Enquirer: 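Please read through the structure below; I'll follow up with questions.
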Amino acid sequence: MDLSRVRVALASKTYDKLADICDDLMLQVAADGIAYEEEWPYALHLLSHFYVNDINSARFLWKSIPSSIKESQPEVAAVWKIGQRLWLRDYTGLHEAIHAFDWTQDLQHLVAAFSELYTRKMFQLLLSAYSTISIHDTALFLGMNEDDATNYVLQQGWTVDHASKMLTVKKQPIVTEQKLDPSKLQRLTEYVFHLEH
């Protein structure tokens, strides 16, 4: 079984393409009648679906994994714990699941990239949902200790009130790009010219 496309995607850190590559390879190998179950990188495949926020595909993949693989490969079960936390929106549990397992060399970088992506996603959620939030809750959402979470959001321009242990969210300015149609500009110019003369 040729997993070179998977290795290339991992090496180039194009993690957003991994799920599609794995899906295509799995279909190709299955169509060719090759027994792949024992060699298949299920943990990587599952995690690549989580990386692109495709939990449903990951659930279907999990159901198709033979129970012997689920029992004999603890890394597969560890990745599935991440998926369960995603499904339940258990933000704290998700970070605990990430840090609770000693990932293999193959998955370390992908897990770290997923963790960083998920932290940014949670930060954006906090940014849009709150004007003030406690340091404790922020730390839970971001999967960090309170000091690290405070430093993280302070770098984003938030402010902290140490007495109340509350953070004030700094909303990002919304930048809208105005597009001006040249024909409308021409008509406006003609109209102004007509008014002046």
Side-chain angles (χ1 to χ4, degrees), residues 1-130 137-144 149 152:
M1 176 169 41
D2 183 18
L3 295 174
S4 59
R5 287 177 53 204
V6 172
R7 288 188 197 92
V8 167
L10 281 171
S12 63
K13 297 185 179 184
T14 52
Y15 302 129
D16 55 333
K17 302 200 182 330
L18 269 173
D20 288 337
I21 292 170
C22 287
D23 289 343
D24 291 346
L25 283 173
M26 183 180 263
L27 288 173
Q28 179 186 352
V29 170
D32 292 344
I34 300 170
Y36 63 90
E37 286 86 2
E38 293 300 319
E39 300 174 41
W40 192 256
Y42 286 109
L44 181 126
H45 196 170
L46 280 169
L47 191 57
S48 66
H49 281 297
F50 298 147
Y51 188 85
V52 293
N53 201 28
D54 189 0
I55 299 170
N56 285 329
S57 293
R59 286 179 59 223
F60 289 123
L61 176 62
W62 175 255
K63 289 179 180 182
S64 72
I65 298 174
S67 56
S68 61
I69 302 283
K70 292 176 185 177
E71 294 166 5
S72 66
Q73 295 183 16
E75 194 165 49
V76 173
V79 170
W80 184 241
K81 285 181 184 173
I82 293 172
Q84 290 171 317
R85 299 300 172 251
L86 279 171
W87 183 257
L88 296 172
R89 293 187 176 104
D90 177 3
Y91 310 115
T92 306
L94 181 128
H95 291 289
E96 289 171 358
I98 287 172
H99 299 297
F101 192 80
D102 187 21
W103 303 100
T104 61
Q105 188 71 30
D106 291 341
L107 280 189
Q108 282 178 350
H109 296 292
L110 179 57
V111 169
F114 171 75
S115 179
E116 183 180 319
L117 180 73
Y118 189 76
T119 299
R120 283 196 312 260
K121 181 179 173 182
M122 287 298 100
F123 176 76
Q124 290 302 318
L125 177 70
L126 295 176
L127 193 62
S128 65
Y130 292 92
D137 289 345
T138 303
L140 291 177
F141 274 103
L142 298 179
M144 301 176 184
Y152 184 85

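Quick note: numbers below take in every heavy atom, side chains included, and nothing from hydrogens, waters or symmetry partners. Since the structure is predicted, the reported quantities are computational estimates derived from the model, not experimental observations.
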Enquirer: Provide the closest heavy-atom pair for Ser48 versus Ala19 in the form atom of the first, atom of the second, distance.
Expert: OG-CA, 3.3 Å
Enquirer: Among residues two or more places apart or on two chains, list those pairs meeting salt bridge (Lys or Arg N to Asp or Glu O under 4.0 Å) that have a residue in residues 107-118.
Expert: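 Counting only pairs at least two positions apart or across chains, the salt bridge (Lys or Arg N to Asp or Glu O under 4.0 Å) contacts touching residues 107-118 are Glu116-Arg120.
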Enquirer: With sequence neighbours left out, write down each residue that passes ring-ring contact (aromatic ring centres under 6.0 Å, His included) with Tyr152, or none if nothing qualifies.
Expert: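 Partners of Tyr152 by the ring-ring contact (aromatic ring centres under 6.0 Å, His included) criterion, ordered by chain and then number, come out as Phe123.
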Enquirer: Just how far is it from atom CD1 of Ile21 to atom OH of Tyr15, taken to the nearest 0.5 Å?
Expert: 12.5 Å
Enquirer: Can you tell me how far apart CG (Leu18) and CG (Leu10) are? Round to the nearest 0.5 Å.
Expert: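 Leu18 CG to Leu10 CG: 5.0 Å, rounded to 0.5 Å.
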Enquirer: Please give me the minimum heavy-atom distance between Ala149 and Ala139, naming the atom from each residue.
Expert: CB-CA, 3.6 Å
Enquirer: What is the minimum heavy-atom distance between Leu86 and Ile55, and which atoms define it?
Expert: CB-CD1, 3.9 Å
Enquirer: Judged by atom type as modelled, is there a donor-acceptor pair below 3.5 Å linking the side chain of Ser128 to the main-chain atoms of Gln124?
Expert: yes
Enquirer: Roughly how far apart are Gln28 CD and Arg5 CZ, rounded to 0.5 Å?
Expert: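 Output value for this atom pair is 7.5 Å.
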Enquirer: Name all pairs fulfilling the ring-ring contact (aromatic ring centres under 6.0 Å, His included) condition that reach into residues 66-87, sequence neighbours left out, sorted by first residue then second.
Expert: Trp62-Trp80
Enquirer: Pairs in or reaching into residues 73-89: which pass salt bridge (Lys or Arg N to Asp or Glu O under 4.0 Å), with residues at least two apart or in two chains?
Expert: Arg85-Asp90
Enquirer: At what distance, to the nearest 0.5 angstrom, does CG of Asp102 lie from CG of Leu107?
Expert: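 With rounding to 0.5 Å, CG (Asp102) is 11.5 Å from CG (Leu107).
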Enquirer: Give a yes or no on whether Asp32 atom CG has more than 12 heavy-atom contacts from other residues, nucleotides or ligands under 6.0 Å away.
Expert: yes
Enquirer: Is there a side-chain contact (heavy atoms from CB on, under 4.5 Å) between Leu142 and Leu126? Walk through the geometry before answering.
Expert: CA-CA 9 Å; Leu142 298 179; Leu126 295 176; 4.2 Å; yes
Enquirer: Taking side chain as C-beta onward, heavy atoms only, is Tyr130 less than 4.5 Å from Leu125?
Expert: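 Contact flag for Tyr130/Leu125 side chains = no.
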Enquirer: Tell me every residue that passes ring-ring contact (aromatic ring centres under 6.0 Å, His included) with His49, counting only those two or more places apart in sequence or in another chain.
Expert: His45
Enquirer: Run the numbers on Leu3 and Glu39 for side-chain contact (heavy atoms from CB on, under 4.5 Å), then give the verdict.
Expert: CA-CA 10 Å; Leu3 295 174; Glu39 300 174 41; over 6 Å; no
Enquirer: Could you check Val79 against Trp103 for side-chain contact (heavy atoms from CB on, under 4.5 Å), going step by step and ending with a plain yes or no?
Expert: CA-CA 10 Å; Val79 170; Trp103 303 100; 3.5 Å; yes
Enquirer: Hey, is NZ on Lys70 packed in by over 12 heavy atoms from elsewhere, all under 6.0 Å?
Expert: yes
Enquirer: Is atom NE2 of His109 surrounded by more than 12 heavy atoms (other residues, nucleotides or ligands) closer than 6.0 Å?
Expert: no
Enquirer: For Val29 and Asp2, what are the C-alpha separation, side-chain angles and deciding distance, and is it a side-chain contact (heavy atoms from CB on, under 4.5 Å)?
Expert: CA-CA 9 Å; Val29 170; Asp2 183 18; over 6 Å; no
Enquirer: I need the Phe60 CZ to Ser57 OG distance, nearest 0.5 Å.
Expert: 7.5 Å
Enquirer: Of all residues at least two apart in sequence or in a different chain, which pass the ring-ring contact (aromatic ring centres under 6.0 Å, His included) check with Tyr91?
Expert: Phe141
Enquirer: Look up atom OG in Ser115 and atom CG in Leu110, then write down how far apart they are to the nearest 0.5 Å.
Expert: 11.0 Å
Enquirer: Under 4.5 Å between any side-chain heavy atoms of Phe50 and Leu47, yes or no?
Expert: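 Touching, per the 4.5 Å side-chain cut-off.
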Enquirer: Would you mind reporting whether Trp40 and Cys22 have side-chain heavy atoms less than 4.5 Å apart?
Expert: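 Cys22 vs Trp40: side chains touch.
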Enquirer: Considering non-hydrogen atoms only, spot the tightest contact between Tyr42 and Pro66 and give its length.
Expert: OH-CD, 3.9 Å
Enquirer: Ring centroid separation for Tyr118 and His95, is it under 6.0 angstrom?
Expert: yes
